[in-house]
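Numbering starts at 1 and runs along the sequence shown. Everything quoted here is computed from the prediction, not taken from an experiment.
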Amino acid sequence: HQLKRLSSLNVVVINTQGQQIPNMQLQVPGSKNTTSLVFDRVLADVPCSGDGTFRKSADMWGRWSPNNALGLHRLQHAILQRGLEMLAIGGRLVYSTCSFNPMENEAV
């Protein structure tokens with residue numbers, strides 16, 4: 001619903017597992033050949049431990065564990081890798097978490 005404000009026809013919203021987004025093919029105009037669809041911009045808002053929300057979510061303190069980030073690292077890396085594979089040369093990828101943990105950010 002927020003996309004209406006952009007007034008853009010060049011937006012694709014995908015609701016699937018980020019690391020499993022399928023390759024999409026486009027017909028090359030004037031040819032029988034196809035080419036892989038790539039994107040100029042990719043937003044990878046990955047699942048995270050949420051330790052960056054402690055200030056506004058006091059109940060997080062009771063559920064938080066250092067292992068939360070370790071358990072998510074592989075998934076975060078897989079989503080980031082898939083986003084990079086779908087990014088056009090010269091494109092921009094934004095990697096987003098709500099965590100301060102370097103294991104979920106810089107280490108990915």
Asks: Membership question, hydrophobic clusters at under 4.5 Å side-chain separation (ILVMFWY): are Tyr95 and Phe100 in the same one?
Replies: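 No, it is not one cluster - the side chains of Phe100 and Tyr95 are not joined through contacts under 4.5 Å.
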Asks: Which heavy atom in Asp40 sits nearest to a heavy atom in Leu87, and how many Å separate them?
Replies: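 Scanning both residues completely, I find the closest heavy atoms to be O-CD1, 3.8 Å.
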Asks: Are the side chain of Asn105 and the backbone of Ser99 linked by a donor-acceptor contact shorter than 3.5 Å?
Replies: yes
Asks: Answer yes or no: does atom CZ of Arg74 have more than 12 heavy-atom neighbours from other residues, nucleotides or ligands under 6.0 Å?
Replies: no
Asks: Do Leu43 and Val108 share a hydrophobic cluster (ILVMFWY, side-chain heavy atoms under 4.5 Å, transitive)?
Replies: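 Result: no, two separate clusters.
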Asks: Go through the steps to decide whether Met86 and Val38 satisfy the test side chain to side chain contact (heavy atoms under 4.5 Å, CB included), and finish with yes or no.
Replies: CA-CA 5 Å; Met86 299 185 78; Val38 292; 5.8 Å; no
Asks: Check whether any side-chain heavy atom of Ile79 lies under 4.5 Å from a side-chain heavy atom of Pro47, and answer yes or no.
Replies: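 The answer is yes, as the side chains (C-beta and beyond) meet within the 4.5 Å cut-off.
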Asks: I'd like to know if the side chain of Gln25 pairs up with that of Ser36 as donor and acceptor (distance under 3.5 Å, no hydrogens or angles considered).
Replies: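 Distance-only check passes for Gln25 and Ser36.
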Asks: Hey, quick one: are Val94 and Ile21 part of the same hydrophobic cluster, counting side-chain heavy atoms closer than 4.5 Å, chains of contacts allowed?
Replies: no
Asks: If only atom types and distance count, is the side chain of Gln27 paired as donor or acceptor with the main-chain N or O of Ser31 below 3.5 Å?
Replies: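 Yes, the answer is positive, given that a donor and an acceptor are paired below the 3.5 Å cut-off.
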Asks: For the residue pair Leu70 and Met103, what are the closest heavy atoms and their distance?
Replies: CD2-CE, 3.5 Å
Asks: Indicate the atoms forming the closest heavy-atom contact of His73 with Ala107, along with that distance.
Replies: CE1-O, 3.4 Å
Asks: Does the side chain of Thr97 pick up a donor-acceptor pair with the side chain of Gln76 at under 3.5 Å?
Replies: no
Asks: State yes or no: do Leu37 and Val28 share one hydrophobic cluster built from I, L, V, M, F, W and Y residues joined by side-chain heavy-atom distances below 4.5 Å, directly or via other members?
Replies: no
Asks: CD/Gln20 to CZ/Arg82 distance, rounded to the nearest 0.5 angstrom?
Replies: 10.5 Å
Asks: Can you name the closest pair of heavy atoms from Gly91 and Arg41 and give their distance?
Replies: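 Heavy-atom minimum between the residues: CA-NH1, 4.4 Å.
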Asks: Between Leu93 and Leu80, is a side chain to side chain contact (heavy atoms under 4.5 Å, CB included) present by the stated rule, with each step listed?
Replies: CA-CA 9 Å; Leu93 183 138; Leu80 176 60; 3.5 Å; yes
